[in-house]
Structure formats: C-alpha cells, structure tokens
There are 2 protein chains.
Amino acid sequence: MSRMKLHTVGQLARRSGVTVRTLHHYDAIGLLTPAARSPNGRRLYDRDNALRLQQIMLYRTLGLSLDEIARILDDPGFDRHDALLAQRQAVVAQITKGEALIRGIDEALALIDNALQKDMDMATLFGGFDPSKFEDEAKARWGDTDAWREQAKRTSQYSAEDWRSYHTEHGAICERLAELAAAGAAPDGKEAQEAAKTYAALIDRWFYPCDASHLGPLADMYEADVRFQETFNAFGAGTADFVIPAFRACAQSGE
Amino acid sequence: MSRMKLHTVGQLARRSGVTVRTLHHYDAIGLLTPAARSPNGRRLYDRDNALRLQQIMLYRTLGLSLDEIARILDDPGFDRHDALLAQRQAVVAQITKGEALIRGIDEALALIDNALQKDMDMATLFGGFDPSKFEDEAKARWGDTDAWREQAKRTSQYSAEDWRSYHTEHGAICERLAELAAAGAAPDGKEAQEAAKTYAALIDRWFYPCDASHLGPLADMYEADVRFQETFNAFGAGTADFVIPAFRACAQSGE
DNA sequence: GCTTGAACCTGACGTTGCGTCAGGGTGTAG
DNA sequence: CTACACCCTGACGCAACGTCAGGTTCAAGC
C-alpha cells in the first residue's frame, strides 16, 4: 500500500520541470502539501502529489492564478467550465487592452518620426509646443501663410529668457481658463470670452497678428491634436474641453 | 517670478485625475518631486510639476514602467523612439502570449464540453483517463470495436477498490518507464521492451485483450492527446517521449 | 477661543509568484 | 574526517500603488 516510491523536493522538481522554491511555495500556501515528511523534516512527495502538480502546471499554463487553481482542484462544487470561461474573458480583455496600447504607441511613434523628436521636451520647457520644431507638420496645416512666416521670424529671435517670460504669461492665462472650466463657467459667457481674448492677445504679442477671429482655426487645431489638449489639461482636467468651445464662441462673436 | 500658484497634493490629484497616494509614491521614488514644501512640510506643486505629471501619465497610458518613464524624462541621451519601439515589441509579445492562452483555454473548454467534465478528476483519482467517461471520443477513435465493448463490459463491474488496485499497478509500471526514460535507456532496448510488454499485460488484464501488437495504435493515441502524455510525464519529465517510441518498437518487433 | 471636519503628514503592510540569498542541519562518498 | 550535495526555515525583493493607522494642521463656524 504505502510501499510506493516517495520523492524529495529536488527529485520532484527535476522530474516536473519546476524549481525547488516553487514546491516550497506551493507547500507554504497549501496548494501542494507533500504526502509525508521524513524524520528529519524533509518533504516527501508521492504519486498523487506528482499528479496534482501536473494539474497545477496545466492550469498555470492557461494563465489561472494559484488561488483559482486551488479552488478548482479542491472545491468539487467549483465549476471548471465557468472558471475557464472567466479566464478566457480576462485574457481577451487583456489582449484588447494591448491592442489599444499598440495603437497609442504607433501614434506616438508617428509623431516622433514626423520630425517631432523634440516637441515633448519643448512642451515641458515651454508649457506648449514649440512651433519652430515641427515645421513640416505646421506647414502642412497652415500652409505657407503670413502668420507662419511671421512667427518663424519672431521666435527665431527669442532668447531663453524670453521663452521663460512667455511661459509665465502662458501659464497665467491657462490657469485662468482652468479656473473657469473648473467653476463650470459657460464657454460663451462673459468671463470666458474675456479670457479667450487675452489668449488671442498673447498669441498676437508673441507669435503673429492674432485677434478673436483667429481663435476658430486655433480651436480646430487644438481639438485635432491631443498634445495641445494635454498642455491645457495640465492646468486642470477638462480645461481643453472648455477652451475649445470658448475659442469658437469668441471667433463667432468677433465676426 | 515665484509668484505662480502652487497646488497641494489633493488639488493636483483632483486636477490630474490621479490619487494622492500616487503623488506620494512618485515623490518617494523621485519621479515627481514637488517644487517646494510649506513650512509644515506639505507638498507644493508648481506648473512645471503639473506638466511633468501630464508627461508621466501619457507614457503610463502607453504601458511604460515608471522606471523607464523616469529615464525618458530625465536622461536627455535616452532615445524615446527606441524606448517606445521596445515597449511595442513587449506588448506585441504579450498579445501573442495571450492568443496562445486563448487557444489553450479553448482546447480545454472543448474537452470539457465534449462530455468530459469529469475526466480530469478521474485522471487524479485513477492516474489515467477513465475511458468510460468519454465514450463519444473513444468510439470515434476506436469505432465499435470488440476491444471497446470488452473494456466497457469489464470496467462497468469494477469497484472503487478495484480501481485503487489498478491505480497502484499502473503507477508501478509508469514509474519503471519513467526510470528508464530518465536513465536515457533506448526505447527499443531490452529493458524498455520488457516494460512495454508489462504495460500491454496491464491493459490486457484490466481492459481488453491486448498484446504487443496493440501497442502501436496505443502509442498513436497517446501521441495525439496531451492529456495522456501528461499522465506519463507526471512520473518524470520526458517519460511520454520515451514511452511512445518504445511502444512502437515493441509493436514492430511483435509482428 | 474652541471644536469640528477636511486635508495633510509619515510609516508600514498587502498584493502575485516566486527568485535569491543567508545561516545552519544532514547524509554520504572518498 | 572532510568535502559536497541536498535539505530546512526565514526573510527580503520586485511593480505600482491601495489601504489602514496614528498624529498634525488648517479653515471655518459657534
């Protein structure tokens, strides 16, 4: 009866392709308790233990947690079928998430490849994208416009100190916009419109001739590029969603 | 200059959609250190902090680790492009693994659905699959053979005690096979052939008339179904890969 | 001036599945 | 008698925070 061969941890580990530590662990959490201990306390595993280990390894290759495996093996009322279906669901969800990640990464890679290697640094430094660093993209968007040439001419002269100064001003107006957004102000309300005009004035002073009517295309651009939205949202969640309609309203009323 | 608005943890957390604990954590690991502390030790974040947090969150949505994000943001020599490509690779690998998991789970589900709900329990109890529990599958394989009818007739009479007895015998011969496999014995060697014949005798005594010539189809069956292989491998890794050619050799020489 | 609630602080443990020492016992072959 | 192989029990480490616990501070209302 109990004449069958018993194995030590090392033997079972080698036979089954797991580590000794793994068996120690399974013993510690009660997932696989050795059939006996030698007088000196050594773990002794019998055939049933070996078979159970096979089951454990099988379920582990299916990605189930040790906790779930324990329930499947020990609780006769536990439905294997349901457990596997649930696991399938979880893996599918994980794959879906992974695919979304890939899309996001590809998008980011496309931006970087598109001669934008530095724009994120610039965003950090300047609180906004540095237009001089993505001429290709900007030209495709704005064409060979006067505004573009003007800002290119002006910004090429700015010193680091100028940029810091711009940064401060830009931050101030963005904070104002974020406050209004957080307070639930109407995008076409009086305060929002004033803030929008202040923003236009900022652009006008630092980049190119800009009045309220220019805020429409600007809103389009911000809406089209998450990175712009993120620089707004850095001042408070939802700011971009407030700024875009506010700029559009301002452009409308200005015409 | 330093007149700009500073936010406390709670404020920045709310604005940015993260938890206070997360900001504490980022501070603890040096990923996002607040610009200042109030006299009473409270964390004070400035706009640069907020912008950096946005960057961190952006990279986090792409699945990068905090460690990598820190390198990307702090080490100017670190190539974002390469980092993102590497991350893409990792995610693709993870998706591939997930798809393999799905296939494995579907396979397992198919087995369970195929009227096999109990076979894994049986495997645990009997050290092998209980043929009476998957008639559909077995019939499709063996057809309406005499062997099948014979084992069905016999096994239907077996008591739990009989099964335990079978279990012991089966375990003994499997261990012998595993020993030979582990020792690197030749599948067509003398000892292997004797063990194979012992196995055939076991089948003969417990299930249906079986001599060496029947081991060929048996080997085919074992090769076709991982579950059989696993019951062998429970006695030592690689046992199945030894048993299958050994059985075939035995069948050849027997003819 | 006092109390109260909200917000802040610093530890420190829990999670998942082991890997990886550290320190010490045991058994056996030469 | 001494290596050397193998066993044991802790216990820390990892990734990214979640979740108390115990104590301080702040702004506001009575």
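Lettering follows sequence order; numbering is per chain, from 1. Hydrogens, waters and symmetry mates play no part in the numbers below; they use all other heavy atoms, side chains included.
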Output a table of donor-acceptor pairs, distance under 3.5 Å, between side-chain atoms of residues 27-34 of chain B and any protein atom two or more places apart or on a different chain; print 'none' if there are none.
unit_1 : atom_1 : unit_2 : atom_2 : d
B:D27  : OD2    : B:R37  : NH2    : 3.3
B:D27  : OD2    : B:R43  : NH1    : 2.6

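- Every residue meeting the side chain to side chain donor-acceptor pair (under 3.5 Å) condition with A:T22, not counting sequence neighbours, appears here in chain and number order: A:T19.
- Bounding nucleotides for the chain A contact on DNA chain D, 5' to 3', at a heavy-atom distance below 4.0 Å, are D:dC6 to D:dA11.
- Residues satisfying the side chain to side chain donor-acceptor pair (under 3.5 Å) test with B:Y199, not counting sequence neighbours, are B:Y222.
- For B:E68, the side chain to side chain donor-acceptor pair (under 3.5 Å) criterion is met by B:S65, not counting sequence neighbours.
- Applying the side chain to side chain donor-acceptor pair (under 3.5 Å) test to A:R71 and every residue at least two apart in sequence or in another chain returns A:D67.
- The side chain to side chain contact (heavy atoms under 4.5 Å, CB included) test with A:I69 singles out one residue from A:Q55, A:R60, A:R52, and that residue is A:R60.
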In residues 190-198 of chain A, what donor-acceptor pairs under 3.5 Å come from side-chain atoms, sequence neighbours left out?
unit_1 : atom_1 : unit_2 : atom_2 : d
A:Q193 : OE1    : A:C250 : N      : 3.1
A:Q193 : NE2    : A:P187 : O      : 2.8
A:Q193 : NE2    : A:A246 : O      : 3.4
A:T198 : OG1    : A:E194 : O      : 2.8

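- Residue contacts shown for A:R60 are limited to sugar-phosphate atoms, with no base heavy atom under 4.0 Å away.
- Atom P of nucleotide C:dT16 and atom CD of A:E68 are separated by 10 Å, given to the nearest angstrom.
- Under the side chain to side chain contact (heavy atoms under 4.5 Å, CB included) criterion, B:N40 pairs with B:S38, B:R42, sequence neighbours left out.
- Here C:dT10 presents its P atom at 6 Å from NE2 of B:H24, a figure rounded to the nearest Å.
- Judged by closest nucleotide on DNA chain C, B:G10 is the one of B:G10 and B:R21 placed further toward the 5' end.
- Partners of B:T61 according to the side chain to side chain contact (heavy atoms under 4.5 Å, CB included) rule, which considers only residues two or more places apart in sequence or in another chain, do not exist here.
- Distance, A:Q11 CD to C:dG27 C1': 14 Å, rounded to whole Å.
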Donor-acceptor pairs are to be reported for all side-chain atoms of residues 91-109 of chain B against protein atoms at under 3.5 Å, with residues two or more places apart or in another chain.
unit_1 : atom_1 : unit_2 : atom_2 : d
B:T96  : OG1    : B:V92  : O      : 2.8
B:D106 : OD1    : A:R88  : NH1    : 2.4
B:D106 : OD2    : A:R88  : NH1    : 2.6

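- Helix-axis bend for the helix from C:dG1-D:dC30 to C:dG30-D:dC1: the local axis fitted to the five terminal pairs at one end deviates from that at the other end by 40°, rounded to 10°.
- The shortest distance between side-chain heavy atoms of B:K5 and B:D46 does not fall below 4.5 Å.
- The stretch residues 26-45 of chain B comes close to DNA chain C through B:R37, B:G41, B:R42, B:R43, each having a heavy atom under 4.0 Å from the strand.
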